[in-house]
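Each residue takes its place number in the sequence, starting with 1. When a ligand or atom number is given, it counts from 1 through the structure's own listing order. Side chains are part of it too, since the values below use all heavy atoms of this structure and drop only hydrogens, waters and symmetry mates.
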Amino acid sequence: MSKIANSKLTLLAIVAVAAVAMVTVYMKGHLDGREGKSSGLIGESIAAESPPKVSPVKTRARDFYAPNSEDLGPDEMRLIACGTGMPTARPKQAASCWLLELGNGDKFVFDVGTGSAERIAAMQIPYNYLDKVFLSHLHTDHFGDLDALFVGGALAGRQKPLRVWGPKGDTPERGTKYALDHLFKALTWDLDGRAGITDPRGYQPFEVTEFDYKGVNKIIYQENGVTIRSIPAIHSLDGPVSFIVEWNGLKFVFGGDTYPNKWYAKYAKGADLAIHECFVTVPDMITKFQFTPQSALAVGTQIHTAPEAFGKMMSLVKPRMAVAYHFFKDFDTTGPINDRIRTTYDGPLSLAEDYMVWNITKDDIRVRMAIYDEDVWPPPATEKPQLPDPSLRIPYSKFIVGGKYDMKDVIQPTYDEINKKYGTNEKQD
Ligand SMILES: [Zn+2]
Ligand SMILES: [Zn+2]
């Protein structure tokens with residue numbers, strides 16, 4: 001995409017965000033799903049009696065989040081929705097993925113569903129910081145992009161193994177360790193081909209920490225002032241869980257897929273921000289997903305959480321901000337989902353979509369959308385790369401080498417250019 005087209009798109013996105021902010025202010029409504037403090041200029045200008053001061057040369061307050069443009073306060077959490085959708089990823093929504101950043105420098109990825117690695121990349125965070133992943137369960141819409149984060153992250157500067165926490169199954173074969181050991185094996189060709197060519201540290205096997213899915217509010221992680229607990233969930237088979245993060249007096253709850261359960265009702269209580277799944281309405285599953293009425297009812301209300309049930313759960317939990325996800329969020333699905341939630345819940349609510357951002361402190365929860373650069377490249381590595389051991393390289397067979405067309409004369413100038421510029425002495429194979 002050309003830079004001009006891209007900047008036009010960005011401008012359109014900014015206008016769209018501003019329009020949404022105006023709707024929020026005028027209607028005090030819930031349709032846009034963002035009811036955090038509206039601190040943008042437009043909201044203030046409507047509320048103010050006299051017009052705000054503007055300048056032709058000074059910047060004004062923004063009502064969007066531009067990645068890599070804001071410091072995170074020492075007492076602040078930033079949550080970014082990197083996937084809010086369903087197993088069938090689509091351009092507008094990747095599947096479940098939530099990036100939590102803490103003011104102490106820690107970053108956690110909760111779920112890494114299909115399509116979400118691209119959204120993570122848009123946040124421009126050095127991959128060495130993205131080494132901790134927590135999986136709620138092993139449906140692909142919750143871990144389908146783990147391979148992309150694993151290989152792509154290592155290639156772009158994660159110089160350490162990827163650590164993954166996930167539940168055991170009711171049998172070893174249904175547990176996180178089994179799934180990841182086999183995922184690693186499935187990458188044999190990919191990883192063998194990188195041996196001896198790139199920094200090897202990020203390509204080590206996953207460091208998996210499995211825990212009992214029946215653990216009720218048991219600690220599964222405790223480092224650097226951060227405590228993460230798990231509670232069971234009721235979804236599809238035994239095994240799924242939800243996570244509760246406590247840090248610096250703030251409590252964040254990430255609910256994986258579940259039928260409404262008593263553990264969430266009890267242990268999510270009083271969260272500063274509580275995410276819980278909220279499924280597509282049953283009528284929309286029948287008309288838009290072409291489910292039969294029987295399957296729509298079973299999947300939409302028994303395997304998952306129906307919007308009315310989501311509302312009832314949040315009325316029990318009473319978070320400072322409730323976040324609903326796991327539905328295709330469109331102009332014609334948002335209203336019905338909101339209406340059904342509002343039959344059972346009248347507290348603060350975000351109907352999540354990809355690139356929604358929450359800044360959470362003890363005093364404030366600010367909700368915005370991120371405006372990202374489609375042309376983004378990987379951020380710099382945080383440490384110097386380790387040179388690989390060329391002897392580990394696996395050679396081609398004689399047959400394949402014999403098929404090489406002689407390009408040495410046209411490639412040699414590039415070797416000369418690079419050797420001269422960087423003082424190296426590299427030679428063609
Ligand atoms: Zn699931
Ligand atoms: Zn799911």
Side-chain angles (χ1 to χ4, degrees), residues 81-90 92-99 109-120 133-149 164-171 173-176 178-180 183 210-211 213-214 230-243 253-261 263-264 268 274-282 284-285 288-289 291 295-307 309-310 313 322-330 333 337 350-354 356:
C82 293
T84 57
M86 314 262 298
T88 309
R90 61 182 188 158
K92 191 175 173 182
Q93 282 175 286
S96 177
C97 180
W98 303 84
L99 176 56
V109 177
F110 291 93
D111 282 353
V112 56
T114 311
S116 61
E118 172 190 318
R119 271 75 166 138
I120 293 173
V133 178
F134 289 72
L135 300 178
S136 66
H137 65 298
L138 296 166
H139 272 150
T140 56
D141 55 321
H142 297 258
F143 91 121
D145 251 15
L146 186 64
D147 53 355
L149 180 65
V164 183
W165 286 257
K168 291 179 182 171
D170 56 345
T171 67
E173 294 78 18
R174 296 197 190 109
T176 303
Y178 178 91
L180 269 55
L183 178 58
E210 264 194 346
F211 54 87
Y213 67 91
K214 288 181 177 165
S230 76
I231 51 173
I234 305 169
H235 173 68
S236 212
L237 295 168
D238 266 37
V241 298
S242 294
F243 297 106
V253 180
F254 170 59
D257 293 358
T258 191
Y259 183 85
N261 70 72
W263 302 291
Y264 193 98
I275 300 173
H276 194 290
E277 72 135 299
C278 173
F279 215 66
V280 178
T281 65
V282 170
D284 275 347
M285 289 184 67
K288 292 170 89 76
F289 262 132
F291 273 59
S295 333
L297 283 166
V299 176
T301 72
Q302 304 301 309
I303 306 282
H304 288 281
T305 296
F310 169 91
M313 181 56 67
V323 178
Y325 79 106
H326 215 303
F327 53 89
F328 279 167
K329 190 185 179 192
D330 295 340
T333 58
I337 285 176
S350 302
L351 299 182
E353 59 188 75
D354 290 19
M356 198 174 271

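Side-chain rings of W98 and Y325 approach one another, their centers coming within less than 6.0 Å.
If you put the vertex on the Zn ion (ligand 2), NE2 of H326 and NE2 of H142 sit 110° apart, to the nearest 10°. Here the angle at the Zn ion (ligand 2) defined by OD2 in D257 and OD2 in D141 stands at 160°, rounded to 10 degrees.
Salt bridge absent: R119 and D145 never bring a charged side-chain N and a carboxylate O closer than 4.0 Å. A salt bridge between R174 and D238 is absent, with no side-chain N of the basic residue lying under 4.0 Å from a carboxylate O of the acidic one.
H235 lies apart from the Zn ion (ligand 2) in this respect, since none of its N, O or S atoms is found at a distance under 2.8 Å. For the Zn ion (ligand 1), the N/O/S atoms of H137 include one lying under 2.8 Å. Residue H139 counts as close to the Zn ion (ligand 1), with an N, O or S atom under 2.8 Å.
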Just do the ring pair (Phe, Tyr, Trp, His ring centres under 6.0 Å) check on F328 and F289 with the steps written out, would you?
CA-CA 10 Å; F328 279 167; F289 262 132; 5.6 Å; yes
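Taking the six-membered ring for Trp and thresholds of 30 and 60 degrees, H326 and H304 have ring planes inclined between 30 and 60 degrees apart.
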